[in-house]
Amino acid sequence: MKNLGYNRILLQVCGQAGHGKSSFINSLRYALHGGMFEVKASEGSEIGSQGGHTRQRKSYLLTKVITLVDNRGFGKLNNYEKEEIYAQLGNLQPLDEDVVWQHSFKERVEAINAAKCNSNDLLLPVFIYSAQCRMGSELKEEIKEFLKNAQKLTGFLPIIILTNRYLGDVRTLEQQFRDLGMEQIFPVENYTTKNHIKTPEKDKTFLSILSEALDLVNFRGDTASSFGTPEEEHRKRVQIVVKIALMNGSKRVIEESQNEWYKEYEEKEKKKYCRLL
Ligand SMILES: Nc1nc2c(ncn2[C@@H]2O[C@H](COP(=O)(O)OP(=O)(O)O)[C@@H](O)[C@H]2O)c(=O)[nH]1
Ligand SMILES: [Mg+2]
């Protein structure tokens with residue numbers, strides 16, 4: 001890690017609301033540290049405010065080098081929300097701070113560009129999906145796009161966690177994620193407030209997920225020459241997220257494209273970003 005220029009691994013936990021992100025974080029902590037079961041992670045704040053909304057990405061220390069991040073879940077995504085999810089995943093939104101997100105494209109781009117260069121974090125995406133939910137074709141397309149962008153942003157294929165493993169058709173889902181090109185897929189039954197009696201199999205599952213995460217980090221070490229420096233990777237993420245904002249075709253962009261500011265910006269920057277994706 002140090003040789004690569006990173007000093008922390010962020011397991012970027014993401015997925016739709018209610019699929020078990022917070023429970024997964026609690027489960028990893030419980031499997032690794034034991035003690036009394038604690039509900040540490042719960043939903044981040046979401047407070048409406050003028051012209052934007054406040055968001056928090058909560059972080060939970062797992063070990064000296066591994067931090068778990070409970071990112072905001074996505075539901076039915078509109079284009080504004082997508083930009084925000086990618087900004088979180090790209091580590092362009094601070095941890096444990098309320099951030100007010102504005103809808104305006106100009107303010108968005110400025111915020112993304114101004115994001116602190118926290119490039120010493122190695123980002124590893126973890127996608128949570130509940131086996132209770134079937135994946136229809138429309139949703140599958142959306143998830144496919146998300147997983148692809150997650151890989152572009154971080155350089156890693158997301159680790160897939162299928163929660164509620166006994167409550168749904170895990171096999172079909174596993175196959176669906178394999179068809180989307182995913183390699184690491186783990187069915188789990190989270191430790192929850194209702195049921196947190198330790199079992200060896202559950203503990204083993206959570207620890208093997210951690211072990212897999214560390215293998216991926218080692219693999220990054222072995223293939224470091226295929227990636228840029230941490231700063232270069234950070235700049236690439238900024239460009240990708242700005243490009244997503246540019247390309248999402250939202251009404252807002254069309255409205256704002258009437259503005260002088262946007263025209264000027266487009267001239268200068270668009271060509272540069274379009275090369276990247
Ligand atoms: N039986 C079971 N319940 C779960 C599992 N994962 C989460 N839950 C429950 O599902 C609900 C939503 O989980 P939560 O972690 O808050 O989801 P989040 O919105 O993605 O953070 C909670 O009531 C959890 O107790 C699981 O693997 N098995
Ligand atoms: Mg949660």
Side-chain angles (χ1 to χ4, degrees), residues 10-33 36-47 53-62 67-77 81-82 84-89 93-99 101 124-135 139 142-143 146-147 150 158-174 176-177 182 184-210 212-213:
L10 288 192
L11 287 190
Q12 289 272 53
V13 180
C14 43
Q16 290 163 288
H19 278 237
K21 292 183 297 300
S22 303
S23 305
F24 175 69
I25 287 173
N26 294 328
S27 297
L28 279 183
R29 291 173 54 95
Y30 188 50
L32 189 66
H33 299 306
M36 296 299 279
F37 177 73
E38 279 182 281
V39 177
K40 279 270 188 190
S42 60
E43 281 292 85
S45 63
E46 181 175 332
I47 311 149
H53 46 244
T54 309
R55 298 288 190 223
Q56 228 189 48
R57 290 168 73 208
K58 289 217 181 227
S59 73
Y60 302 89
L61 206 65
L62 186 71
T67 291
L68 307 169
V69 183
D70 198 346
N71 288 294
R72 182 181 167 254
F74 66 81
K76 269 264 159 213
L77 285 188
E81 288 173 317
K82 275 188 194 166
E84 187 181 332
I85 301 288
Y86 292 125
Q88 292 186 355
L89 189 57
Q93 185 186 321
L95 294 174
D96 307 306
E97 267 176 45
D98 282 342
V99 172
W101 277 91
L124 193 49
V126 178
F127 185 72
I128 310 287
Y129 195 88
S130 168
Q132 275 182 306
C133 302
R134 282 164 196 256
M135 202 200 302
L139 182 59
E142 225 171 270
I143 289 177
F146 176 77
L147 297 174
I159 296 176
I160 308 295
I161 307 295
L162 302 176
T163 60
N164 290 294
R165 66 181 296 180
Y166 303 116
L167 297 179
D169 186 355
V170 171
R171 282 201 187 164
T172 302
L173 273 177
E174 204 169 336
Q176 284 180 305
F177 277 103
M182 299 299 113
Q184 301 299 335
I185 304 164
F186 295 88
V188 307
E189 176 65 18
N190 280 325
Y191 287 121
T192 62
T193 318
K194 277 200 195 131
N195 183 3
H196 50 267
I197 299 173
K198 274 204 175 234
T199 75
E201 273 309 312
K202 277 194 185 183
D203 266 16
K204 224 186 279 174
T205 303
F206 291 111
L207 296 178
S208 56
I209 292 166
L210 276 180
E212 181 52 43

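Note that ligands are numbered from 1 as they come in the structure, with each ligand's atoms numbered from 1 the same way. Just so you know, residue 1 is the first one in the sequence shown, and it goes up from there. All heavy atoms count here, side chains included; hydrogens, waters and symmetry mates do not.
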N, O or S of S22 under 2.8 Å from the Mg ion (ligand 2):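 Checking the Mg ion (ligand 2) against S22, an N, O or S atom does fall under 2.8 Å.
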
Nearest candidate to atom 26 (C) of ligand 1, where distance is taken over non-hydrogen atoms, out of N164, T193, N71: N164

Nearest-option assignment for atom 25 (O) of ligand 1, heavy atoms, candidates T192, I25, N195, L167: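 Considering heavy atoms of T192, I25, N195, L167, the nearest to atom 25 (O) of ligand 1 sits in T192.
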
In terms of atom number and element, which parts of ligand 1 are under 4.0 angstrom from non-hydrogen atoms of [X]?
X: N190; answer: 5 (C), 6 (N), 7 (C), 26 (C), 27 (O)
X: A17; answer: 19 (O)
X: T163; answer: 27 (O)
X: K21; answer: 15 (O), 17 (O), 18 (P), 19 (O), 20 (O), 21 (O)
X: Q16; answer: 20 (O)

Based purely on interatomic distance, does [X] place a nitrogen or oxygen under 3.5 Å from a nitrogen or oxygen of ligand 1?
X: R165; answer: no
X: E189; answer: yes
X: F24; answer: no

Audit row: Y191, D203, side chain to side chain donor-acceptor pair (under 3.5 Å) steps and yes/no: CA-CA 9 Å; Y191 287 121; D203 266 16; 2.8 Å; yes

Atom of Q12, atom of Q88 and distance for their closest heavy-atom approach: NE2-O, 3.0 Å

Location of contacts on H19 toward ligand 1, heavy atoms closer than 4.0 Å: backbone

Within-4.5 Å side-chain heavy-atom neighbours: L162 and F177: yes

Centroid separation F127 to F146 less than 6.0 Å: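 Between F127 and F146, the centre distance is under 6.0 Å.
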
